[in-house]
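Read the structure below first, then the notes.
Here is how names work: the chains are called A, B, and so on, in the same order as the sequence lines, proteins then strands, and each is numbered from 1.
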Amino acid sequence: MNCLPISFYRRPTVVVARDLVGKKLVRTIKKGHTFKLAGTIVETEAYGYTDDEASHARMGRTARNLVMFGEVGRAYVYFAYGNHFCVNVSARSDRVQAGAVLIRGLEPVEGIEMMKKLRRVDDIISLTTGPGKLTQALSITSALNGTDMTKQESELHIEFGIKPACILRTPRIGISRAIESQWRFIDPSSKFVSRKIQINAL
DNA sequence: CGCTCGATATTCT
DNA sequence: GAATATCGAGCGA
């Protein structure tokens, strides 16, 4: 079994976000043949509960964010700006009621030709450098919301990888609240990070 | 390269 | 009605 165990996700969300950098996100598609699409996670962000003004869970449960409150290690897929899907993994310590880690960047490893077709682009760099891009490259939609990411047989799961030499911690991107929290983690040696650093507003 | 804007689901005010 | 965990097209420099 190559998958990260459920205990990996039953820890503080920020710690899980850091430790997910270097792990492998795997998507299997059964369509006649079985296709495998996979990439190494190079960029993540942690989102919390009522303590986090930028989190979907900050106001409590809604139909959309239920997975953030449920069992850990599950895929939380949501539709952003009416245009793109984004994928998270639910993760939190037992003391907290909600939490998830947004996967923001991948380094493509397997199934690159199919990713190019799904994205309708040829450029490797723009294939998976961003949360909306990587869901398109791996054909991740709300149909996969709630998927158990700790099971090898799941169409979407997370496997062990190689621990990066260095992980950088920065403020999160694309939010206007709680910009002071440094809950974004990147592998600075990777070319597949959407932005190397966050420029802090004055 | 950088900036503006449209697409438009879901939630909040 | 406004904001949002985004992206890419179009435009100007």
message: With a 4.0 Å cutoff (strictly under), does any side-chain N or O of A/Ser176 reach OP1 or OP2 of C/dT4?
response: yes
- prompt: Taking atom CD of A/Glu113 and atom CG of A/Asp122, what is their separation to the nearest 0.5 Å?
  reply: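 If I round to the nearest 0.5 Å, the distance is 7.5 Å.
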Ignoring the backbone of [X], work out which of [options] is nearest its side chain.
X	options	result
A/Lys133	C/dG8, C/dT6, B/dT10	C/dG8
A/Ile175	C/dA5, C/dT4, B/dA9	C/dA5
A/Arg64	C/dA5, B/dT11, C/dG8	B/dT11

Distance in angstrom units between [X] [atom1] and [N] [atom2], rounded:
X	N	atom1	atom2	result
A/His84	C/dT6	NE2	C1'	5 Å
A/Phe79	C/dC7	CZ	P	13 Å
A/Ile179	C/dA5	CD1	C1'	14 Å
A/Ile173	C/dA5	CD1	C1'	11 Å
A/Leu127	C/dC7	CG	C1'	14 Å
A/Arg172	C/dT4	CZ	P	13 Å
A/Met68	B/dT10	CE	C1'	15 Å
A/Leu134	C/dT6	CG	C1'	11 Å

- prompt: Looking for any heavy atom pair under 4.0 Å, which part of the strands does A/Arg177 touch: base, sugar-phosphate only, or nothing?
  reply: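 No contact.
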- prompt: Under 4.0 angstrom, heavy atoms only, what part of the nucleic acid is A/Leu102 near: base, sugar-phosphate, or nothing?
  reply: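 Base contact.
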Is any NZ, NE, NH1 or NH2 atom of the basic residue among [X] and [Y] found under 4.0 Å from an Asp or Glu carboxylate oxygen of the other?
X	Y	value
A/Glu159	A/Lys23	no
A/Asp52	A/Arg172	yes
A/Arg10	A/Glu71	yes
A/Lys36	A/Glu110	yes

message: Rounding to an integer number of angstrom, what distance separates C/dA2 and B/dC5 when you compare their P atoms?
response: 16 Å
- prompt: Which residues within residues 47-60 of chain A lie with some heavy atom under 4.0 Å of an atom in DNA chain C?
  reply: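 Residues of residues 47-60 of chain A that come under 4.0 Å of DNA chain C are, in numerical order, A/Tyr47, A/Ala54, A/His56.
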message: Pick the closest DNA chain B nucleotide for A/Asn65 and for A/Asn83 by heavy atoms, then say which residue is nearer the 5' end.
response: A/Asn83
message: Counting Watson-Crick and G-U wobble pairs with both distances under 3.5 Å, what is the dot-bracket string for DNA chain C, 5' to 3', using [ ] for crossing pairs and | for pairs to another strand?
response: ||||.|||||||.
Between [X] and [Y], is any pair of side-chain heavy atoms under 4.5 Å apart?
X	Y	value
A/Phe192	A/Ile125	yes
A/Phe85	A/Ile140	no
A/Leu138	A/Leu106	yes

field: Close aromatic pair by centroid cut-off 6.0 Å: A/His84 and A/Phe79
entry: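 Centroid distance A/His84-A/Phe79: not below 6.0 Å, so no.
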- prompt: Can A/Val26 be reached from A/Val16 by stepping across I, L, V, M, F, W or Y side chains whose heavy atoms are under 4.5 Å apart?
  reply: no
